[in-house]
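Data first, discussion second: the structure below is written as structure tokens.
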Amino acid sequence: MHEEAVTKLTEGDWITRLNALTTLSLLRHPPSASDVHAHGLDNAVLRGSSAHALICTETTWPSAYKEALNVLYHESSDQLSVLGMSVICTIGSHNAKLLFAELADRLTSNSGPELVQTLLVISELDIDRESVEELPPWITAALAADDAQVRAAAVRSLGGFDSTVSQQPTSAVVAALSDSAQQVRIAAAQVIDRWDDNEALLQDLARALTIEPNSHVRQSIVRTLVHQGYDPQRPLSVGAMKSWKWGLQLADTPMEESV
Amino acid sequence: MSLSPSSALVPAHSAFLLTINWTVALSDAITLFGWFAISLYALINGLYFVIHTAALPRLHTEHRLSEWHEPSDKSGSQFMPGVAVVIPAYNEAQVILDSVRASVSAEYHDQETIVVNDGSDDETLAILVEEFDMRPIPMECPIDFPTEPVRDVYQSTAHQGLYVIDKENGGRSDAINTGIWFTDKDLFCTIDADTILDQTGLIEVVKPFLWNWGTVIAAGGTVRVSNGTTFGQGKTPQPKLPRKLLPKVQVLEYLRAFHSGRIGLDALNSLILLSGAFGVFRTDVVREIDGYRTDTIAEDLDLVIRLHKAMIDSHEDYKIAFVPAPVAWTQVPEDFSSFVAQRQRWYNGLIENLITHRKMLFNPRYGLIGLFALPFFLIAEAIGPPTEAIGYLLLPIAVLLGLYEQMSFLLFFIVTSGFGIFLSWYATYGEVWTFRRYHKVTDVVQLLALGVIENFGYRQLRGLIKMVGLVQFAQGPLEWGKMARKRFDDDD
């Protein structure tokens, strides 16, 4: 069956090749790098499937990871598929050090959808100091990007770094609480909920609640405070008090057992 | 020069009128109109042919893609955007439960369902509260809604992420805006209260957002006719054609509209209409243009046109897409008066939007939207039908009176109804070749037969409704009107 799939990979239109790559993934029979480079790079969906097929067996992981990243971040690529993002997440979960080493050059001058998507993948990882000692320059640059969507994604990515990594992530999140874009402020509030031992950050968050003008951002802040069991304990504005009481009520709603 | 006494007493313009052969003049006028109608429909058919031809290969590709199964469980992927399903409801006690059940059981990782009870004076709210164990949140909602006042917000204790917002009546647009401002999900999906979403509908309809990350701002799916199909517990069984002729012929019409029309326009980057019954939008982008307008009766059309305008004016790269795979099942009118009211509303909504957005018409600044999509709707959907209706009223009489040639009328019939039959069979072929939700041979034969039958009465009726609608539009604003609802488990 895998021979038939390999044949289909080298012939037919891109959907035929897509199905062939999926078959190879399911059969745990990775395609050759040359076949992938010749027939598996047409678009983001195909690249994602190619990458997934390359890492489909554990025995090929260390060398296959680099090849998969080569495919996903090919020069013709400007974005990732959801499957591609899942592959990057898998690589990051198993070998964050290799992932960041490979990403270092690829994302330095990238500012488009691919960067945003990669940052979102990073936000789903658990990266300790052994893997990454400090924030990569491309994330630091993304935190200061002109595009609010990039900044928000960069703030979310900080949630993937644990507290043993340098102080950079926490400083960046505090700065993001006063960003001009509401989506960045929302991202900052949500990231704080990811970390333990974050008393100081919760204090900053409570302070932000008192001056936040946007009701949606206030909701995100309150959600984090309530989830962390942190009472603001300061005079709140009318809007902030409404948001606080609302958040408490939502959290108090008991959910029935699933039927 | 001497004048006869009679001629000296007749005014010049009257003398002119007396010299005209009225029979010949009338015949010439009718002939002129006949050729105008034939030429107009030749143009319209050419445009439809282009659209339908663009649709077919794209439909086939989309079908093949919909059959591809990703080697990972996408429904649970943490990278799928969150979706809020917003269901506006006004006096929908008969149908709301099935619609909500389908939404809460949709296969999707991160979604919430927000039913907005828009000041119903029936049992809609009570039914929802009882069925889904809703608990009112005893606090004022802190969201700054730009809508009619919100009375209460209810949260379900049985289903995570199910809310009912009870508010003062403000209309469908106002209700949807309430849901849009309430949610914090990246995307929102509008579903009508009489519409049932396929279980995999959300996964399929967000695909364009994933395949063009950050670019796609709206996507629509296919709406199919639910009449005649039994729905139990919100799940979708094998669809059946309705028994009655009126809803049955609408099945074919919806197939044409979605499998040929929408997908063809999408292939030509000219999509200006996503169904109000099933569309997904980026929440932030819609909020930026202040949500749905509340002073229009075709708010779905208006929203998409305004989205195009806003993105083009701000020079942003964007796309509005259509995917045929995801399906929402909706009830269509079964009685004549509801049908007429619905079609008049759609037509008057189109006219209103063409007038509102007239500066975009034929405007090269708006690319294909201004130069193709809007003019196509003006010619084919606004001017065409009343012209055709006048033709079907006037020309047969003129033939009988000897004022119009039989062959010319036959030509008129061929370019209108004849080509209409071709387009219906084309859409049926697309259905059979691809998704084939109606897979019985008898259903396919019925659809083919309907492609012929609808041109002897139904097509002319639609044109007449639009012609009358034009007169009514000139007289004043229309309202939504009322459609008789049936429960989804009522088999007709």
Side-chain angles (χ1 to χ4, degrees), chain A residues 13 15-16 18-19 21-23 25-26 43-45 48-49 52-53 56 78-83 85-87 89 112-114 116-117 120-121 123-124 149 182-183 186 214-216 218-220 222-223 238-250 252-259, chain B residues 60-81 109 132-145 153-163 181-186 203 206-207 209-216 282-284 287 317:
Chain A
D13 64 3
I15 299 178
T16 303
L18 188 66
N19 283 303
L21 286 164
T22 304
T23 303
S25 288
L26 293 171
N43 54 53
V45 178
S49 286
H52 188 269
C56 63
D78 61 351
Q79 65 176 4
L80 304 163
S81 64
V82 169
L83 186 54
M85 293 168 76
S86 298
V87 168
C89 198
E114 210 170 51
V116 171
Q117 290 173 288
L120 292 176
V121 173
S123 73
E124 295 294 328
Q149 194 183 23
Q182 72 178 62
Q183 59 180 303
I186 289 174
N214 183 281
S215 56
H216 289 104
R218 285 200 301 268
Q219 291 305 108
S220 290
V222 166
R223 215 169 283 131
V238 170
M241 181 56 75
K242 275 168 66 173
S243 295
W244 175 249
K245 288 182 178 177
W246 178 264
L248 284 175
Q249 283 295 325
L250 282 179
D252 271 350
T253 302
M255 293 300 299
E256 293 172 4
E257 291 290 327
S258 301
V259 178
Chain B
H60 185 55
T61 299
E62 290 288 336
H63 176 243
R64 290 177 66 206
L65 275 173
S66 74
E67 293 198 319
W68 171 61
H69 297 291
E70 279 200 39
S72 64
D73 178 19
K74 197 196 263 185
S75 68
S77 170
Q78 68 267 54
F79 303 120
M80 303 280 280
H109 167 66
F132 298 108
D133 299 325
M134 311 292 304
R135 187 197 80 150
I137 299 173
M139 292 290 155
E140 185 189 347
C141 183
I143 305 290
D144 302 321
F145 294 105
V153 178
Y154 297 77
Q155 184 179 21
S156 172
T157 57
H159 296 274
Q160 186 92 24
L162 171 58
Y163 301 91
W181 258 260
F182 181 79
T183 186
D184 59 2
K185 301 297 182 193
D186 292 329
I203 295 175
V206 301
K207 271 183 183 173
F209 295 91
L210 306 174
W211 289 4
N212 290 283
W213 194 279
T215 307
V216 171
R282 272 204 17 213
T283 309
D284 59 335
R287 280 189 197 149
D317 193 20

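Just so you know, these numbers use all the heavy atoms, side chains as well, and skip hydrogens, waters and symmetry mates. To find a chain, count down the sequence lines: A is the first, B the second, and so on, and within it residues start at 1.
- Comparing A:V238, A:V121, A:L26 by how many heavy-atom pairs each has under 4.5 Å with chain B, the most go to A:V121.
- Proximity to chain A is limited to the side chain of B:Y163, based on heavy atoms less than 4.5 angstrom apart.
- Heavy atoms closer than 4.5 Å to chain B are found nowhere in A:N43, neither backbone nor side chain.
- The shortest distance between side-chain heavy atoms of B:W211 and B:L65 falls below 4.5 Å.
- The candidate from B:T215, B:N212, B:T183 with the greatest count of non-hydrogen atom pairs under 4.5 Å with chain A is B:N212.
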Next item on the list: Start with the C-alpha gap between A:W246 and B:I143, add the side-chain angles, then the distance that decides, and say whether side-chain contact (heavy atoms from CB on, under 4.5 Å) holds.
Entry: CA-CA 10 Å; A:W246 178 264; B:I143 305 290; over 6 Å; no

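- Only the side chain of A:V116 comes within contact range of chain B, with heavy atoms under 4.5 Å apart.
- Considering only heavy-atom pairs separated by less than 4.5 Å from chain B, the leading option among A:N214, A:L18, A:L21 is A:L18.
- The shortest non-hydrogen separation linking A:A44 to A:Q79 is CB-O, 3.6 Å.
- No hydrogens or angles considered: nothing links the side chains of A:N19 and A:T22 as a donor-acceptor pair under 3.5 Å.
- Within the 4.5 Å cutoff, side-chain heavy atoms of A:H216 are placed close to those of B:W181.
- Heavy atoms closer than 4.5 Å to chain B are found nowhere in A:I186, neither backbone nor side chain.
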Checklist line | Step-by-step side-chain hydrogen bond (donor to acceptor under 3.5 Å, both in side chains) determination, A:T16 to B:R64 | finding: CA-CA 9 Å; A:T16 303; B:R64 290 177 66 206; 3.2 Å; yes

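- Of the atoms belonging to A:E114, not a single heavy atom falls under 4.5 Å from chain B.
- The greatest number of non-hydrogen atom pairs below 4.5 Å with chain B, out of A:K245, A:Q183, A:R218, A:M85, is found for A:M85.
- Note on A:D78, A:L80, A:V45: by heavy-atom pairs under 4.5 Å with chain B, the leading option is A:V45.
- At a threshold of 4.5 Å between non-hydrogen side-chain atoms, the residues B:L210 and B:M80 count as touching.
- Partners of B:F132 according to the ring pair (Phe, Tyr, Trp, His ring centres under 6.0 Å) rule, which considers only residues two or more places apart in sequence or in another chain, are B:H159.
- For a residue to count as touching a neighbouring chain, one of its non-hydrogen atoms must lie under 4.5 Å from one of that chain's; by this rule A:S220 does not touch chain B.
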